[in-house]
Each structure stands twice: as structure tokens, then as C-alpha cells.
Amino acid sequence: MKQLNYIKSAFLVATNLCFFVVSGMCQVVDSLIVVHPDSLYASLSESEKRFSRNAVAGLKTADGLEATLFASEPLITNPINIDVDHRGRVWVCESYNYRPAVNGKSELNVGDRIVILEDTTGDGKADVTKVFYQGPELNAPLGIWVMGNKAIVSQSPYVWLFTDTDGDDKADKKEVLFKGIGGTQQDAGVHAFVFGPDGKFYFNYGNAGKQLVDGQDRPLLDKYERPINFRQYRQGVVFRVDQEFRNVEILAENFHNGFEVAVDSYGTMWQSDQEEPGNGADRVSYVMENGNFGYIDEMSGASWRINHTNLEDEIPRRHWHQNDPGVVPNLLETGSGLPMGMVVYEGDLLPRKFWDQVILADAGQNAVTSYPVQPDGAGFKSVGINPVVEGTRDKWFRPTDVCVAPDGSLIVSDWYDPVAGSHKMKDRSRGRIFRIAPPATPYKIPVYDLTNPVEAVQALQSPNLSQRYLAWNACVKLGWAAEPELEKLFRLYNGNPKLRARALWVLNKIEGFNHRNLDVGFRELNPNLRITTLRAVRQRNSDPTEYIKRLTSDPNPQVRRECALAINHNHTYEALDVWLQLAQQYPGNDRWSVEALSIGAIGQWERIFPAWLAKAGKNPGATNAGKDIIWLARTRQAIPYLTDLAADTSETFKNRLRYFRAFDFFHAGYEKSQALMHVMDVKSSDRIEVSKLALLHLDKSFVTNSQQGLSALNKLLDETYGTEDYIELVTRYTPESENNRLFQMAISKSEGVLGRDAGALLLNIAGVSFITDKFGTLSDAKKSALLASLQTAGSSESVYILRSVILDVGQKESVRADAARYLGASWPGEDAIVKLLKQNQIDGDIKEAALQGVKNAFRENVKAELAPYFPKPVEVVTVAEEAQPKEKSKKEKKRRKKG
């Protein structure tokens, strides 16, 4: 059938028709035509491939699914985000005015648009288009969420609320919900809102967001009624807010650019995150509440590119500091792309393998993909990849968002451009919306009477978030009248647990019925329902510890994880008892569990750690669980135990690196310094590596200002001289006593990386005068070696020294030529060569050496400036050309001259 569909598409464009002649007439015999879709699409010209009528032919869908074109240009352009309302209409957030400084033309005077697309005939194609809003204040928005007659539009520095007050599908009222958000005109600002099963909204911003205030410039309050201090949160964050937009919670931090949060019916959050391009490090995360997700170093704020102890072996993991204590692990890394909108599919129209799975639109990878997930200890793991739709033929397919329609089909927005990322786009005139569903499935939208409790509860079971929002609020408003139907759904022991969870969330809001259903929820066999019950209780009770204690000994590690998260910032004695019970049940080697324990202990380690020691026995570091807790503990009381683990020679050096890294997370100067000095005294076959690590983790002031520290440093410098370890130690501590040894190393190893590192380091520590004084005492060969060690330093000082030697006629010409050759080894040096050439300050062999040094210049502007100084290539004349008649040769010369 798929082949026939492609063939029919081919008929429309009048290409690749296969005819079979019968009785003298041209007939198309479908049953005899076999054309592979790849061949059919390849036969189209480049311009034909861009036609919207061929859009579907460029895609490949999963078995059991079919893509249909719902809408395309000129109805819409540059769709960055979409939502599907309860009527099945697609609301498109356009971003035509994205980055005009990079992409050129913009229409800021009229602004971007919010467009409503409607299919009134059920054929899966939009036949009615309306502009809900367009205005100059819409300047490259990034997200939209639709709730009845209202739409929340996210666009740094604002979050707007647009309302249609008279039902004509035009916004009549606009309000500023939040403002002051960074990330204007870039994709790391504020993103779309989504509806959670608890009746609250979830949203996020990337690392450009920085902060937000309410529409009246008032600071936001956290759940403890305290102003939120945004400075204490790192990079991109995830938020939750109630429907009145008052009580804002920060749920997780330290992302690079999570584009959209997806929340399932249990209240579990998922989010993709964009890497710094080119490192294969895009990721999908289970958003563990109050977690740190590791984009920058927690203590120093350093990039993942900065070297530190216990670096991850793979760059994608290194990108997110996955080996650091206190960082929540990634669910999976998805490679290099541009992950954007995502959803948890809770419908049943698509094939079963997509049910209850995270589905992600990745513009960089030209695909909408499902990543099947299953429990793994206290967390999750991905067990494969299930593509939904891919631009295998048409690489302009750039999916930016994916939503679930009320009938269970998927609606996908396509930016449609040859470029994704780098803030660029090539074609501003295009955009597509696709519907993904089983073949020949009509687009029929169920209609509910939300004033009727039975139908309101039915609507609550919709796979569409906008329908669920309306149903949730209708059920809460109906109150007791809706309770029988809600309780019936919740108590359906063999029903879909996610639908049962939705009923429980609403019952939690109806006074008089919540307690008895919560009691039932705590006894449910399904662990996700027990987790949902605990989450619901936490939103009701200021101190839910009594409820938490009911699940502290739960056999399921994910339930126990939730208990640990629930006592975050809970300073009661009961919460301490809960933490200790959870720690005693922790078996070790489960990163999700121990990070949950760490989150539960934030700000409480000073009381928690000694209480744990009292229960852990004489040797708390003897078990895997004990080692993990010591590694994570943020109290100086843990330092002696961490020291023992770092000095334990029965463990391999690689396995002990994590304990050395843990020292970086303490501010306790004296205790930390003495512990690390102790580690250096332990005799072992890897003593030098251990001593170097210990020194690098000591406070610099302790090493340079104490006899104990200086003695240890000098001993290790002697033992590592001439190695990379030596360079690393001198770089950190810059002892002037090493100047002469650095000088000798720079000369003796000048042709290698170590020698060049030594030369640059010597210049940095000792300065120009030291180098020039030494230079005058050297033989010509050693002068050239010293100059070679400075060639890649690229500092103003190194350029000055090399340039001075070039112009010093008192130096031997071979030394001056070497200096000229080395000067071009850095970008500042290339610029200096250009200047020397333009001022005619060098000639002969010196000029030739300088040109040799810059012949591989990378920068286009530098290459252009250097081009006139390189000899022009000699024109080679063949014997045959030489034999041509003179007249012809004259014509050829003229032709060449013109060329």
C-alpha cells in the first residue's frame, strides 16, 4: 500500500509514470508497478523536492503508521512550537523573526503570529486557517500552550497570556504573566508551558533565562513564602506553578537548554537537553525533583571542558559531569542533533510499542523518535530506539514539536529548512504540519459535555493535554457530583494505572473524599500509584512525614527514592528517621538511589552523617552502600572516611579517583589539607600519581604558604621533572624556583608539546626579561630551540620576543629565519607577519621563512592578506600547445588574459 501511495503522488507531479499498453491504449496497472520510494523521490528535481505536495514522499514512517500533510506554506511559516486544543485544532507558534541579525530580513513591525488550523471535514488536512494573534511584541516566540479560549505564549523576556473573550478565535486581551527573562532572540530562553496531572503548569528556560518576576515586577515567592533567589540556581531550570500563576517552584537545575518538559500521569517529569554542538551529548533526562543535572561544575561554575579529577571516559558523559557526586545521571545520550518538543504518549491509537513512551522531536536528526524506558533500580534506563517518522529522504525535515491530538494521533511541526542550529536558517518561507496515524484513520474528535460528571471523567482520560485540562477543572468544579465516577475509575483494579492516577489527582482536590482515597493509594500494588499518592499528599500537607513513613520500608526502590526526595528541606526528627531507614536499605551501586538520598540530605548533612555513622558500624566504608554515602556526604565529618577510601591501596587507582574528586566539594580548609597530606604518605606502587592528585586538590595557599606543603610539592617536582605531571604542577603553583629547570626543559624538548608547554609557562612565570637575558648567553642552536618553545604561546610577550629577534640584524641570519618561521605558528603571530610584510621590514631568506610559517593560515581574511606575497604558480605549457600555429597561440593568450 505504501508503494501505491507514493506512485499516486508521482502521478500528481507527472514524474516516473509507468505505463502498460493493452489493446492499443495506455493503462496504468497498479498491480504491476513496483517503484521503490527512495528511487521515486530521487527522481525529483531539487525544486520539486521542496514542493509541499511532495512533502510526505520525503518521509519514512514506522510500520503501522502513515504521515499526512495537515498544512504547509503559505498558510504557515517557521513553526517553532505547536499545541492541539480539545477540538483537534492545531495552534501554531511561528518564529519568522528569529535572529534577524544572523538571518537577515524580518517583519518586526508586524511581529510573529499565532495561527489556528482546523480540519472541518475529518480528512486529516486543515481547511480553515485563522490568525489568533499577531503583533510587534511577538518577537521570535518559542512556545505555546492552549487552554480553552486562552493561550500562554512564551517569548523572552515575557510570558504572555492571550484571551479570546468573545469566541471569534481572535485574542481580545493580553496580559504579562512573567517578565525579566533572559534569552531574547535565542532558543535558550523561556519555553512552552504544559499541563500536569496535578492541575499545575510546568515550564522551563535554558541557560540564558537567568530569572523571572511576575507581570507587576514583583519577586516570586517559593512554597515557603520566601522570595526566590535565582542566583543560587545554576543555568537552565524547570518550574512548576499553579493555575493562578502565583506559587512558583523550581524543580531542577543545571541544564544547558532543555526545550520542553513532558509530564506523565504519575507526575514524573522528562526533559531533553541540547548540548554544546558537536560533542554527541544531547540527552534525555528523568527530571528527579530538586536534582542538579551537571551542565557546569557545581562548586566552581567551570565548563565541562576544564580538566579535573575523575573525568568521564566519554565526552557525552563528560559534558554533563556525570562522575561528580551530587549530579543526577542521564537517562540516555542521543548524539548530536537539536532536540526540541517532546511528549509522553498516553493514547492507544498508535502501535503498542509507542504506548506510555517519551516521544521526542529532534530537528538536528531529522526525526521524531520514541525512546522506550523501563525501571532500573530507583531510576530508569532506555532499552532501544523506535523511530516514529524520519526525514530519511528529505533532510530538510526539521521537526520542532510533537503533540497528541484528542483522537490519539500525533501532530508534528516541521521548521523545514536545510539548516538546524547555529541560530541560522536558509529558507524563511516554508513550514509544514504533519499528522501521524495508522493508515486510513479519519481525524474524528470526540465531543464531551463537561457539565455531566460521567462525560467529564471520560474527557479526563483523553490523550490530549488541552482536553485533560478542561476536564480536570470541570471535575474539580463539579466536586462531590464527580466523586462517584472518579472513584470508580480510580478503584478499577485492572484498569490502566495512568488513568487511575489521573482520577486520584483530581480526588486529591475534592475535600471530603481525598483522605480515604489516599489511604487506598498507599496500599496499591502498582508502585507508580503509591508514588502518585505520595506526590499528591506532598502537595496537600506542609509536613507529610507521617505519610512518608508509611512507605519508608516499601520493597520497591523507586518508591523509596520518592520518600528520600520528599524529605528535602524537612528538618524534623521524623524526617531524619526516614532518611536513616532509607539509607539502611540502600544496597549500593544504584546511582539513582544514592542521588535521591543526597537530595533528601541537602542542608542537613551535619546532623544526618553522624546519625548514619552511629548505625553504620565500625567500618562504614566497608560496603558499597557506605562508600557511596561517604562519597556524597557534604560535611567535614566525612573527611577522615573519605581519606581512608582515597588511600585504600586494595582498590585500583582508577576506582579511587572519585574519592579525590569528592574533596573538591568541601570548603573545610584545614581538615581537607591534613587529610590529603596523609594520603601522600601512604606507600604504594602508585604513590606518585596519588601524591600529584593530592597536591592538585589541596588549597593553593596551603601549598605555597606552609613548609609542609612546599616540601611535598618540591619532592614531587623532583620526581616528575620532564613530564606532563611536572608541567601541570608548575602551572597550578607557579613556583619561581623552577624557572631554570623550565628553561632547560624548554630547550631540550622544544620540538615537542612538552617543550612548548614549558616555554609558554616559563614566559608566563618569569617574564620577558628572564627570557631575553638567557637568550643572549646561548649558542645559535640553543637560541633557535628556545624560540621554538615559544612558537605556540600566542601571547603578546611571545610575539614581541620572536619579532625582536627577526628584526635584530646582530643575530645570525639562520636564527632570525627560525624566529620568522616560528612567529606564524599562532594567530597573533600571523597578524604580526602580515604587518611586517606590509611594512617591507623583511626580505630575502627571512621573508621566505616567514611565508613558510604562515602557508597553512586558517583564517580567510589572513589568507587573503598574505596571498600577494606568495609566488604565483608557474604556468605549464604542454608540448602539444607549443606546436600550435602562432595565430592560435595569440588568440589563446588573449583568452587567458581575459580569464
Side-chain angles (χ1 to χ4, degrees), residues 76-86 89-99 106-117 129-165 168-195 200-206 208-209 212-216 239 241 243-245 248 257-261 340-341 343 361 400-403 411 413 415 431 433 465-466 469:
I76 56 163
T77 59
N78 307 103
I80 193 72
N81 198 250
I82 58 172
D83 199 13
V84 184
D85 69 13
H86 65 291
R89 302 184 303 173
V90 180
W91 295 55
V92 181
C93 178
E94 295 182 338
S95 195
Y96 178 86
N97 292 300
Y98 177 62
R99 293 279 188 166
S106 67
E107 298 290 346
L108 291 177
N109 57 322
V110 295
D112 283 308
R113 304 189 307 171
I114 304 300
V115 178
I116 304 174
L117 304 171
T129 305
K130 299 176 182 178
V131 177
F132 178 72
Y133 189 83
Q134 181 173 24
E137 65 272 53
L138 284 190
N139 179 9
L142 293 177
I144 183 169
W145 152 246
V146 180
M147 41 187 187
N149 64 331
K150 299 181 179 182
I152 298 175
V153 178
S154 303
Q155 172 234 293
S156 293
Y158 303 108
V159 175
W160 301 92
L161 176 64
F162 293 99
T163 305
D164 169 18
T165 59
D168 63 351
D169 293 328
K170 304 282 185 183
D172 307 297
K173 179 182 177 184
K174 63 179 180 181
E175 305 167 64
V176 176
L177 297 176
F178 300 109
K179 63 196 314 188
I181 311 162
T184 300
Q185 273 293 347
Q186 65 155 287
D187 45 345
V190 63
H191 299 127
F193 283 54
V194 297
F195 181 66
K200 297 186 177 182
F201 300 133
Y202 293 72
F203 66 104
N204 58 11
Y205 59 49
L212 70 163
V213 295
D214 74 7
Q216 285 74 45
F239 297 91
V241 64
Q243 292 190 28
E244 290 73 38
F245 306 103
V248 176
N257 187 23
F259 207 87
E260 193 167 84
V261 186
M340 299 182 73
V343 71
T400 56
D401 199 9
V402 54
C403 292
I411 305 295
S413 58
W415 181 259
I433 305 293
L465 285 180
S466 290
Y469 162 81

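FYI, the numbering just counts along the sequence from 1. Fair warning: this is a prediction, and the values are worked out from it, not measured in the lab.
- Residues satisfying the side-chain contact (heavy atoms from CB on, under 4.5 Å) criterion with S413, sequence neighbours excluded, are P79, I82, T400, D401, I433.
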Could you list the donor-acceptor pairs under 3.5 angstrom formed between side-chain atoms of residues 144-152 and any protein atom two or more places apart in sequence or on another chain?
from, atom 1, to, atom 2, distance (Å)
N149, ND2, D164, O, 2.9

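- For the ring-ring contact (aromatic ring centres under 6.0 Å, His included) with F195, the lone residue among Y469, Y202, F203 that qualifies is Y469.
- Atom-to-atom distance recorded for N81:CG and C403:SG is 7.0 Å, nearest 0.5 angstrom.
- Between E260 and V343 there is no side-chain heavy-atom pair separated by less than 4.5 Å.
- Sorted by first and then second residue, the salt bridge (Lys or Arg N to Asp or Glu O under 4.0 Å) pairs involving residues 175-186 (not counting sequence neighbours) are K173-E175, K179-D217.
- Between D169 and K130 the shortest heavy-atom distance is OD2-NZ, 2.7 Å.
- Atoms CG and CG, from D83 and L465 in turn, are 7.5 Å apart once rounded to the nearest 0.5 Å.
- Rounding to the nearest 0.5 angstrom, the gap separating the CZ atom in F132 from the CZ atom in F162 is 7.5 Å.
- In this structure, Y96 and R113 have side chains that are not in contact, with every pair of non-hydrogen atoms separated by 4.5 Å or more.
- When all heavy atoms of H191 and L142 are compared, the pair lying nearest together is CD2-CD1, 3.6 Å.
- Taking the six-membered ring where the residue is Trp, Y98 and W415 present perpendicular rings, their angle passing 60° and hence far from 30°.
- Distance alone, capped at 3.5 Å, places no donor-acceptor pair between the E94 side chain and the D112 backbone.
- Nearest approach of K170 to V131, heavy atoms of both residues: NZ-O, 3.1 Å.
- V402 and A361 get closest at one heavy-atom pair: CG1-N, 4.2 Å.
- You'll find the ring centres of F201 and F239 outside the 6.0 Å limit.
- Atoms OH and OG, on Y205 and S156 in that order, are 9.5 Å from each other to the nearest 0.5 Å.
- Using modelled atom types, no side-chain atom of Q134 and backbone atom of V115 make a donor-acceptor pair closer than 3.5 Å.
- T129 contributes atom OG1, which lies 9.0 Å from atom CD1 of I76 (distance to the nearest 0.5 angstrom).
- Shown here is F178, whose CZ atom has more than 12 heavy atoms of other residues, nucleotides or ligands within 6.0 Å.
- Nearest heavy-atom pair, V176 versus W160, reported as atom, atom and distance to 0.1 Å: CG2-CZ3, 3.6 Å.
- Between the side chains of Q155 and N139, not a single donor N or O lies within less than 3.5 Å of an accepting N or O.
- Residues T184 and I181 approach most closely at OG1-O, 4.4 Å, considering heavy atoms.
- Under the 30°/60° scheme for interplanar angles, the aromatic rings of F245 and F193 are found to stand perpendicular.
- A distance of 7.5 Å separates CG in D85 from CD1 in I116, rounded to the nearest 0.5 Å.
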